[in-house]
Amino acid sequence: MREALLLDSLQRAAKLFLPVYVMLSDNDHNWSWLKKRGVYKTDRINIGGMKYYADGALGSRGACLLHDYADKAGWKGFLLKDKDYFAEKAAEMANTKIQMCTHAIGDSANREILRIYAQVLKGKNDKRWRIEHAQVVDSADFGMFGNCSVVPSVQPTHATSDMYWAGDRLGSVRVKTAYAYQQLLEQNGWLPLGTDFPVEDISPLKTFLAAVGRVDANNYPGAAFSRKTPFRASRHCGA
């Protein structure tokens with residue numbers, strides 16, 4: 001909240017020239033402020049969303065999966081909060097203009113959040129609720145994005161950073177529906193791309209290259225991986 005108010009003060013003083021969209025982090029103070037005030041928008045700043053976190057990262061095995069990690073038997077990851085918590089927040093936001101944006105990496109986390117969204121959105125809409133990352137999605141669940149106009153907000157350089165070990169975590173079958181940008185694009189006919197800076201490089205050119213060419217800045221792997229030729233399960237991708 002402090003950073004959002006700082007940006008607001010800068011735009012009021014005509015010192016902020018880049019339009020900024022702000023999602024407030026999940027805490028009671030931020031939600032209380034936004035719920036009371038509603039979407040706050042000027043020519044240069046738009047405070048219009050809340051950011052929630054369903055699970056952790058795939059690399060640390062914190063992403064919540066439907067089935068065990070391929071490289072850690074008996075472990076599926078976990079949700080960071082009970083699914084009823086996210087359902088409660090979604091119900092509160094359903095009749096507002098506030099955008100619900102939820103970090104979901106694993107296929108189980110994505111399924112739970114998609115189901116919760118579907119319960120309150122009830123079909124096509126223009127609310128543009130988002131799932132941040134949508135990194136591993138079960139093949140049965142892609143349609144839920146399109147059915148309820150849920151926006152999968154993806155960061156393509158995650159794919160080229162994770163390609164060395166993603167197959168180890170997910171196995172050769174499940175990795176085929178990970179980083180599935182073409183399938184996600186087909187859901188709503190458009191797909192927002194981001195860098196996830198500072199986790200990844202801020203360069204949008206690397207983002208576009210990873211999204212379209214499915215290679216990193218060094219053109220690695222030489223033959224671009226795709227849905228037909230997914231990540232290798234080796235730590236030396238393409239070897």
Side-chain angles (χ1 to χ4, degrees), residues 1-57 59-60 62-63 80-81 85-86 88-105 109-110 113 116-117 120-121 125-135 145 149-159 161 181 184 188 190-211 217:
M1 188 71 237
R2 184 177 301 174
E3 292 85 353
L5 294 177
L6 173 60
L7 289 169
D8 184 41
S9 69
L10 290 173
Q11 66 92 18
R12 287 175 181 272
K15 294 181 179 180
L16 178 69
F17 303 103
L18 181 70
V20 177
Y21 182 78
V22 178
M23 293 179 285
L24 299 182
S25 294
D26 174 22
N27 64 54
D28 290 341
H29 173 71
N30 287 347
W31 173 232
S32 178
W33 185 90
L34 191 57
K35 181 169 62 172
K36 180 178 180 180
R37 184 159 192 164
V39 173
Y40 174 67
K41 186 175 183 180
T42 71
D43 289 342
R44 294 190 179 92
I45 190 168
N46 183 350
I47 306 175
M50 287 290 298
K51 174 74 177 289
Y52 297 91
Y53 298 86
D55 63 349
S60 62
L80 295 176
K81 291 186 177 178
Y85 175 81
F86 301 109
E88 177 186 337
K89 295 303 179 184
E92 285 188 82
M93 266 178 243
N95 296 316
T96 75
K97 294 182 179 180
I98 297 167
Q99 188 180 41
M100 187 168 181
C101 312
T102 309
H103 162 117
I105 297 284
N110 274 283
I113 298 303
I116 288 168
Y117 282 8
V120 299
L121 294 175
N125 62 86
D126 193 34
K127 297 180 75 65
R128 301 194 181 192
W129 284 17
R130 290 161 52 152
I131 288 186
E132 306 299 327
H133 310 308
Q135 198 162 305
F145 285 95
S149 307
V150 176
V151 179
S153 172
V154 302
Q155 296 72 37
T157 50
H158 282 330
S161 292
Y181 306 135
L184 292 170
N188 296 306
W190 60 285
L191 186 69
L193 311 180
T195 65
D196 207 29
F197 178 81
V199 175
E200 299 284 356
D201 193 291
I202 199 171
S203 171
L205 297 180
K206 292 180 180 179
T207 296
F208 298 146
L209 180 62

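- Formation of a donor-acceptor pair under 3.5 Å by the S32 side chain with backbone atoms of H29 is not found in this model.
- For residues 37-50, the set of pairs meeting the salt bridge (charged side-chain N to carboxylate O under 4.0 Å, His left out) definition, not counting sequence neighbours, is empty.
- In this structure, the separation between NZ on K51 and SG on C101 is 8.0 Å, given to the nearest 0.5 Å.
- Atoms OH and CG, on Y181 and L191 in that order, are 9.0 Å from each other to the nearest 0.5 Å.
- With rounding to the nearest 0.5 angstrom, the CE atom of M23 is 11.0 Å from the CE atom of M50.
- Contact detail for G49 and I98: the closest heavy-atom pair is CA-CG2, 4.2 Å.
- For the pair D55 and A63, the tightest heavy-atom approach, listed with the atom from each and the gap, is OD2-CA, 3.4 Å.
- Every residue meeting the side-chain hydrogen bond (donor to acceptor under 3.5 Å, both in side chains) condition with K35, not counting sequence neighbours, appears here in chain and number order: E92.
- In terms of the side chain to side chain contact (heavy atoms under 4.5 Å, CB included) criterion, residue partners of L121 (sequence neighbours excluded) are, by chain and number, Y117, N125, K127, W129, C148, V150.
- For the ring-ring contact (aromatic ring centres under 6.0 Å, His included) condition, the pairs that include at least one residue of residues 30-55, sequence neighbours left out, are Y53-H103.
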With side-chain contact (heavy atoms from CB on, under 4.5 Å) as the test, would you mind laying out the steps for T96 and M93 before giving the verdict?
-> CA-CA 5 Å; T96 75; M93 266 178 243; 4.1 Å; yes
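- Evaluation of the side-chain hydrogen bond (donor to acceptor under 3.5 Å, both in side chains) rule for Q155 yields H133 as partners, not counting sequence neighbours.
- Shown here are the side-chain hydrogen bond (donor to acceptor under 3.5 Å, both in side chains) partners of N27, two or more places apart in sequence or in another chain: there are none.
- Listed by chain and number, the residues in a salt bridge (Lys or Arg N to Asp or Glu O under 4.0 Å) with E88 amount to none (sequence neighbours excluded).
- Atom CG of residue D8 and atom CD1 of residue I47 lie 6.0 Å apart, to the nearest 0.5 angstrom.
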Check against side-chain contact (heavy atoms from CB on, under 4.5 Å), T42 and R12 = CA-CA 9 Å; T42 71; R12 287 175 181 272; over 6 Å; no
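- D196 pairs by the salt bridge (Lys or Arg N to Asp or Glu O under 4.0 Å) definition with nothing, not counting sequence neighbours.
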Derivation of the side-chain contact (heavy atoms from CB on, under 4.5 Å) call for T195 and D201 | CA-CA 7 Å; T195 65; D201 193 291; over 6 Å; no
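- Here the shortest heavy-atom pairing between I105 and G56 reads CG1-O, 3.2 Å.
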Could you go through the salt bridge (charged side-chain N to carboxylate O under 4.0 Å, His left out) check for D26 and K89 one step at a time?
-> CA-CA 10 Å; D26 174 22; K89 295 303 179 184; 5.5 Å; no
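- Among residues two or more places apart in sequence or in another chain, the side chain to side chain contact (heavy atoms under 4.5 Å, CB included) test is passed with A211 by P156, L193.
- Here the CD1 atom belonging to I45 is positioned 5.0 Å from the CG atom belonging to L7, to the nearest 0.5 angstrom.
- In the displayed structure, K206 atom NZ is contacted under 6.0 Å by at most 12 heavy atoms of other residues, nucleotides or ligands.
- A distance of 12.0 Å separates CG in L18 from CG in L10, rounded to the nearest 0.5 Å.
- Summarising the geometry of L184 relative to A134, their closest heavy-atom pair is CD1-O, 3.8 Å, with the distance given to 0.1 Å.
- Here the shortest heavy-atom pairing between I116 and A90 reads CG2-CB, 3.7 Å.
- A pairwise comparison of heavy atoms in A94 and V120 identifies CB-CB, 4.0 Å as the closest pair.
- Screening residues 15-25 for side-chain hydrogen bond (donor to acceptor under 3.5 Å, both in side chains) gives Y21-Q99 as the qualifying pairs, with residues at least two apart or on separate chains.
- P204 is linked by a side chain to side chain contact (heavy atoms under 4.5 Å, CB included) to F208, counting only residues two or more places apart in sequence or in another chain.
- Residues satisfying the side-chain hydrogen bond (donor to acceptor under 3.5 Å, both in side chains) criterion with D126, sequence neighbours excluded, are R128.
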